Enquirer: 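Structure below; questions to follow.
The sequence lines fix the lettering, A, B, ..., with proteins before strands; numbering per chain opens at 1. These numbers were taken from a predicted model, which means no experiment stands behind them.
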Amino acid sequence: MSLVIYDTLRRDKVAFEPREPGQVSIYVCGPTVQAEAHVGHGRLAVVTDVLRRYLAWSGLDVTFVQNVTDIDDKIILRARREKVDPAVISTRYTRMWNATMDRLGVLAPDIQPLATGHLLEMHGLIAELIEQDKAYAVDGDVFFRVRTFEGYGKLSGRRIDDMQQGEDVVDADRKEDPLDFAMWKSAKPGEPSWPSPWGDGRPGWHIECSAMAAKHLGEGFDIHCGGLDLVFPHHENEIAQHEAAHGGTFARHWVHNGMVRMGEEKMSKSIGNVVSLSEAVEEWGVGPLRLWYLSAAHRSPLTFDTERLRDAAAAHQRLTTFLRSARRAADGAVADESAAQQHRDVFRAAMDDDLNAPQAVAALHELVSAGNDRLAAAEKGDDAARAEVAGLGDALVDMGDGVFGLGLEEALADAAALERQLEPLVGQLLDQRRQARADKDFAAADRIRDQLASAGVVVEDRPDGPRWYVGAAAPE
RNA sequence: GGCGGGGUAGCCAAGUGGUAAGGCAGGGGACUGCAAAUCCCCUAUCACGGGUUCGAUUCCCGUCCCCGCCUCCA
């Protein structure tokens with residue numbers, strides 16, 4: 001493992017050094033469960049999933065924590081609109097989030113802590129900060145005294161005095177300083193609240209992550225992930241809360257993913273240009289969608305549009321087609337592990353270099369090119385070629401599915417199940433077609449082929465006879 | 001205004017001080033009854049202007065343009 005990764009705090013690529021050799025702890029800021037996940041959330045999910053898979057693939061033992069923010073202004077607003085309890089909203093969207101993640105092929109977190117389940121931990125942290133005079137309570141609200149933390153701004157590269165203060169600072173009348181932020185918000189009529197030493201209320205947004213990350217991963221855990229748009233103020237405040245209270249280092253590495261754009265704009269709920277993640281998975285399929293996510297470096301912006309998704313789908317098909325051909329041509333041959341060594345090395349080098357997914361995907365394509373080159377020989381029964389093709393296919397699955405979660409093997413298995421069902425029907429049609437071709441009635445033969453194609457059955461005429469399979473339905 | 005990230009072929013996108021991966025699309029050829037799959041071949045003076053250097057797309061300075069954060073946001 002010699003991963004080098006860009007660390008937002010140090011503003012540079014740095015060698016990844018886990019706190020404990022061989023073990024990695026990752027905390028990811030999860031969703032505020034107030035609406036369906038959109039394609040932007042999917043990027044966070046895939047980037048962190050690939051990071052996690054890659055570390056595990058490299059032999060490390062990964063503990064992955066992603067929280068759920070289940071209490072917040074927007075949840076309350078939505079509940080009020082729908083005239084239901086806020087917990088109904090948070091429960092609904094937590095379930096939807098998890099279901100969508102599952103369909104996206106994202107591994108479930110080892111721990112998925114809820115904000116409302118960690119109020120005691122938050123209270124402890126807040127009390128500690130008050131004790132140290134780094135926070136103060138005013139009429140049931142508790143604010144963090146930003147100017148007492150000298151490291152404030154180190155993550156986002158801001159100097160406190162440069163910060164522009166908008167005219168509409170929330171709670172300006174009660175804050176000592178407009179920069180201060182709420183850790184505990186006093187109960188408002190009609191809002192859910194919990195008891196606390198400072199009166200009934202609910203937690204501020206930032207406190208939950210400080211408290212839950214420390215509780216589940218301990219101080220100085222390895223990697224904190226989130227969207228680039230959370231750097232300030234959310235992550236900055238997480239650091240301030242933890243480090244002001246305990247000293248030390250909150251997280252060793254900060255990894256942020258870039259935004260998804262629609263055209264030239266960020267995809268964002270407030271702009272209202274969001275595309276539902278579950279609909280995107282439905283429309284494009286897991287593999288193509290994930291390949292699209294991996295088509296740009298993880299910090300770069302990535303644009304969502306039909307043409308790019310189509311490109312990704314075509315590229316994905318190239319991988320699947322090779323795997324199908326390789327499996328068939330290998331015909332049970334013992335894989336030649338060395339066949340893919342070079343491609344594994346390139347893949348690993350690319351991933352080690354700041355998770356350079358575009359380059360790693362290129363390595364997969366080069367593997368496919370090498371495999372395609374040997375396919376003809378393998379199909380003719382050349383034993384060495386069969387072993388090579390088998391080895392390349394295995395390596396493609398190992399990297400493409402194991403690290404990138406492309407679901408290549410699964411797609412083939414799904415197709416195979418359909419093929420078994422369709423066998424009698426397709427067999428009969430192909431018999432008719434064989435007869436038509438023998439009679440030189442190519443119009444009839446082509447009609448049959450077209451009919452099968454419209455049902456997703458692809459027919460290829462080979463020197464040794466027709467071959468067919470259920471192809472991925474190409475989205476239009 | 002402050003901070004940060006970018007401008008590479010028709011599109012997407014890596015990358016390097018010694019004339020630039022990969023995918024998609026396109027063109028030509030092989031194979032095919034025609035296709036499909038596959039193979040071979042073709043398609044970039046790296047935003048602009050200076051500078052450093054034997055040599056810069058890659059380093060430095062400037063200019064133009066784009067995007068993100070600075071308020072909720074993955």
Enquirer: Measure the distance from CD on Gln317(A) to C1' on A36(B) and round it to the nearest whole Å.
Expert: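 That distance rounds to 11 Å.
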
Enquirer: In whole Å, what separates the C1' atom of A25(B) from that of G10(B)?
Expert: 7 Å

Enquirer: Using atom CG of Asp373(A) as one end and atom C1' of C41(B) as the other, report the distance to the nearest whole Å.
Expert: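 So the CG-C1' distance, Asp373(A) to C41(B), works out to 15 Å.
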
Enquirer: For Glu150(A), is the CD atom crowded, meaning more than 12 foreign heavy atoms sit under 6.0 Å from it?
Expert: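 No - once you tally the heavy atoms of other residues, nucleotides and ligands closer than 6.0 Å, there are 12 at most.
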
Enquirer: Would you check if there is a donor-acceptor pair between the side chains of Asn237(A) and Gln241(A) at a distance under 3.5 Å?
Expert: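 Short answer, no.
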
Enquirer: Quick test of your reading of the model: are Arg434(A) and Asp431(A) salt-bridged, counting only N-O distances below 4.0 Å?
Expert: yes

Enquirer: Compare the minimum distances between each of G23(B), G22(B), C69(B) and the side chain of Lys266(A), then state the nucleotide with the smallest one.
Expert: C69(B)

Enquirer: With a 6.0 Å cut-off on ring centres, are Phe347(A) and Phe404(A) close enough?
Expert: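 That pair passes the under 6.0 Å test.
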
Enquirer: Any idea how Phe250(A) and Phe221(A) line up, ring-wise: parallel (<30°), tilted (30 to 60°), or perpendicular (>60°)?
Expert: perpendicular

Enquirer: Using only heavy-atom distances, decide whether a donor-acceptor pair under 3.5 angstrom links the side-chain of Arg11(A) to the base of G4(B).
Expert: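 Counting by modelled atom types and ignoring angles, no donor-acceptor contact under 3.5 Å is found here.
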
Enquirer: Rounded to the nearest angstrom, tell me the gap between atom CZ in Arg158(A) and atom C1' in G1(B).
Expert: 13 Å

Enquirer: Does a side-chain N or O of Asn372(A) approach OP1 or OP2 of C39(B) to a distance below 4.0 Å, or not?
Expert: yes

Enquirer: Report yes if a side-chain nitrogen or oxygen of His41(A) is closer than 4.0 Å to either non-bridging phosphate oxygen (OP1 or OP2) of A74(B); otherwise report no.
Expert: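 For His41(A), the contact criterion (side-chain N or O under 4.0 Å from OP1 or OP2 of A74(B)) is met.
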
Enquirer: Provide, to the nearest angstrom, the distance between the CH2 atom belonging to Trp97(A) and the C1' atom belonging to A74(B).
Expert: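 Rounded to the whole Å, the gap is 7 Å.
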
Enquirer: For atom NZ of Lys188(A), is the number of surrounding heavy atoms from other residues, nucleotides or ligands below 6.0 Å larger than 12?
Expert: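 Enclosed.
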
Enquirer: Which sits closer to the 5' end of RNA chain B, Ala315(A) or Ala296(A), going by the nucleotide each is nearest to?
Expert: Ala296(A)

Enquirer: Could you give the CE-to-C1' distance, from Met259(A) to G68(B), as a whole number of Å?
Expert: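 Nearest whole value for this atom pair: 8 Å.
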
Enquirer: Which ranges of RNA chain B pair up as stems, where a stem means three or more consecutive Watson-Crick or G-U pairs with both distances under 3.5 Å?
Expert: B:1-7 with B:64-70, B:10-12 with B:22-24, B:26-30 with B:38-42, B:47-51 with B:59-63

Enquirer: Counting side-chain heavy atoms from CB outward, which of C72(B), C66(B), A37(B) is closest to Ser270(A)?
Expert: C72(B)

Enquirer: Measure distances between side-chain N and O atoms of Asp446(A) and base N and O atoms of G33(B), and say whether any donor-acceptor pair falls under 3.5 Å.
Expert: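 A donor-acceptor contact between them is present.
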
Enquirer: Starting at atom CG of Asn273(A), determine the distance to atom P of C67(B), rounded to an integer number of angstrom.
Expert: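 It is 13 Å, rounded to the nearest whole Å.
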
Enquirer: Round to the nearest Å and state the distance from Asp229(A) atom CG to C70(B) atom C1'.
Expert: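 These atoms are roughly 12 Å apart.
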
Enquirer: Within the modelled atom types, does a donor on one side and an acceptor on the other bring the side chain of Arg449(A) and the base of C34(B) under 3.5 Å apart?
Expert: yes

Enquirer: For the residue pair Ser2(A) and Arg348(A), confirm or rule out a side-chain donor-acceptor distance under 3.5 Å.
Expert: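 Ser2(A) vs Arg348(A): no donor-acceptor pair found between side chains.
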
Enquirer: Side chain of Glu366(A) only, please: which of A21(B), A74(B), A36(B) is the nearest?
Expert: A21(B)

Enquirer: So, does the side chain of Asp72(A) form a donor-acceptor pair with the base of C72(B) at under 3.5 Å?
Expert: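 Checked by distance alone, the answer is no.
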
Enquirer: Give the rounded distance in Å between these two atoms: CZ of Arg433(A) and P of U32(B).
Expert: 15 Å

Enquirer: Compare side-chain N and O positions of Lys269(A) against OP1 and OP2 of A74(B) and report whether any pair is under 4.0 Å apart.
Expert: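 Yes, such a contact exists.
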
Enquirer: Let's test your reading of the model: under 3.5 Å, does the base of A37(B) pair with the side chain of Arg467(A) as donor and acceptor?
Expert: no

Enquirer: When you check the side-chain N and O atoms of Arg78(A) and Tyr93(A), is any donor under 3.5 Å from an acceptor?
Expert: yes

Enquirer: For C12(B), does either OP1 or OP2 sit under 4.0 Å from a side-chain N or O belonging to Arg308(A)?
Expert: yes

